[in-house]
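Numbers here simply count residues along the sequence, with the first being 1.
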Amino acid sequence: MADIGIGVRVNGRLRRATVEPRLTLVDFLRERCQLTGTHVGCEHGVCGACTVLLKYPDEADEGGPVLPGGEAVRSCLVFAVQADGGEVTTIEGIGAGEPNTGIRELSAVQAAFREHHALQCGFCTPGFVISATAFLQEHPDPTDEQIRDALSGNLCRCTGYQGILAAVRAAADSMQTTTQETRQTQEPR
C-alpha cells in the first residue's frame with residue numbers, strides 16, 4: 001500500500017509526515033515526533049500507558065493554540081492517518097503555562113500526582129495523567145466512585161492506586177477552587 005501524507009497538530013505544533021497506513025499513532029508520536037512520554041505497553045488498548053488526547057478533524061479548532069482537550073484515546077489502537085487534520089495532546093503538552101516561552105508549570109493533575117506520591121516507576125503515569133485530565137474536563141465535580149470508574153482502564157503495577165485516586169480527588173478539588181476564585185474576580189461589584 002502507498003504511503004499517505006498527513007498533517008497533525010501535536011501539542012500545538014503542526015507535524016507533517018508521509019506514513020504507512022498501518023503506522024499507529026503511538027509510533028508516530030514516539031518515532032516521528034520524538035515525543036517519548038507516551039509509552040507503549042500492551043499494544044492492545046488494555047493498559048492505558050499510551051493514552052493521549054485527540055480532537056478529531058471535525059472537532060478541531062481552526063488556528064490558535066491547542067488546549068489540552070479532546071477525547072482520551074489509546075494511541076496504540078489509532079492509526080496516524082486517522083488523526084490527519086486533528087489535534088493531539090501528549091503528556092509533554094499537558095503542563096500549564098505559556099508553551100512559547102519554554103517554561104511550563106505543572107497542570108493541576110500533574111501537581112496533585114507529585115504531591116500525593118501517585119507514582120513509583122512512572123511508566124503508567126503519563127496515561128493516568130492524560131486520562132484524569134480528560135475525565136476532569138467532563139466531570140469537574142466527580143464522586144470517588146466516578147474517579148475509580150474513570151481510571152479503571154489504566155493499569156499500574158506499583159502503586160496500589162490509593163495515591164492515584166487521592167491525586168485525582170485533589171486535582172478535582174483544586175480545579176474547582178480555581179474556577180470559583182476566577183468567577184469571583186470576574187463578577188462586577
With no hydrogens and no angle check, just 3.5 Å: does a side-chain donor-acceptor pair link [X] and [Y]?
X	Y	answer
Thr90	Glu92	yes
Asn154	Ser131	yes
Thr89	Asn11	no

Atom of [X], atom of [Y] and distance for their closest heavy-atom approach:
X	Y	result
Ala108	Ser174	CB-OG, 4.4 Å
Val10	Cys33	CG2-SG, 4.3 Å
Ala118	Ile164	O-CG1, 3.4 Å
Pro21	Val81	O-CG2, 4.0 Å
Ala83	Val8	O-CG2, 3.6 Å
Ser75	Val52	CB-CG2, 4.0 Å

[atom2] on [Y] to [atom1] on [X], rounded to 0.5 Å:
X	Y	atom1	atom2	answer
Glu87	Lys55	CD	NZ	5.0 Å
Asp84	Arg16	CG	CZ	8.5 Å
Gln110	Ile130	CD	CD1	8.0 Å
Cys124	Tyr161	SG	OH	7.5 Å
Arg114	Thr125	CZ	OG1	13.5 Å

I'd like to check [X] versus [Y] (side-chain heavy atoms, cut-off strictly below 4.5 Å). Are they in contact?
X	Y	answer
Val46	Leu155	yes
Val129	Phe113	yes
Val19	Asp3	no

Using the rule that Ile, Leu, Val, Met, Phe, Trp and Tyr join whenever any side-chain heavy atoms are under 4.5 Å apart, tell me whether [X] and [Y] fall into a single cluster.
X	Y	value
Leu35	Val88	yes
Leu77	Leu53	no
Leu23	Val26	no

Under 3.5 Å, side chain of [X] to main-chain N/O of [Y], donor-acceptor pair present?
X	Y	answer
Tyr56	Gly86	no
Arg169	Ile147	no
Thr177	Asp173	yes
Glu43	Val40	no
Glu31	Phe28	no
Glu138	Phe135	no
Arg30	Thr36	yes
Gln137	Ala134	no
Arg32	Arg15	no

Query - Derivation of the side chain to side chain contact (heavy atoms under 4.5 Å, CB included) call for Ile4 and Thr18 - result: CA-CA 5 Å; Ile4 298 173; Thr18 302; over 6 Å; no
**Report entry** Residue that, paired with Cys50, satisfies side-chain contact (heavy atoms from CB on, under 4.5 Å) out of Cys42, Pro126, Cys76
**Finding:** Cys76
Query raised in the report: When you look at Val168 and Leu151, which way does the side chain to side chain contact (heavy atoms under 4.5 Å, CB included) test go after all the steps?
Result: CA-CA 9 Å; Val168 176; Leu151 298 180; 3.7 Å; yes
**Report entry** Step-by-step side chain to side chain contact (heavy atoms under 4.5 Å, CB included) determination, Gln82 to Leu25
**Finding:** CA-CA 8 Å; Gln82 290 175 291; Leu25 183 56; over 6 Å; no
Query - More than 12 heavy atoms of other groups within 6.0 Å of Glu115 CD - result: yes
Query raised in the report: With under 30° as parallel and over 60° as perpendicular, where do the rings of Phe123 and His39 fit, or are they tilted in between?
Result: parallel
Query raised in the report: Between Arg148 and Asp144, is there a side-chain N and carboxylate O pair less than 4.0 Å apart?
Result: no
Requested in this report: Let me see the working for Thr51 and Arg74 under side chain to side chain donor-acceptor pair (under 3.5 Å), right down to the final yes or no.
Outcome: CA-CA 5 Å; Thr51 304; Arg74 308 293 199 226; 2.8 Å; yes
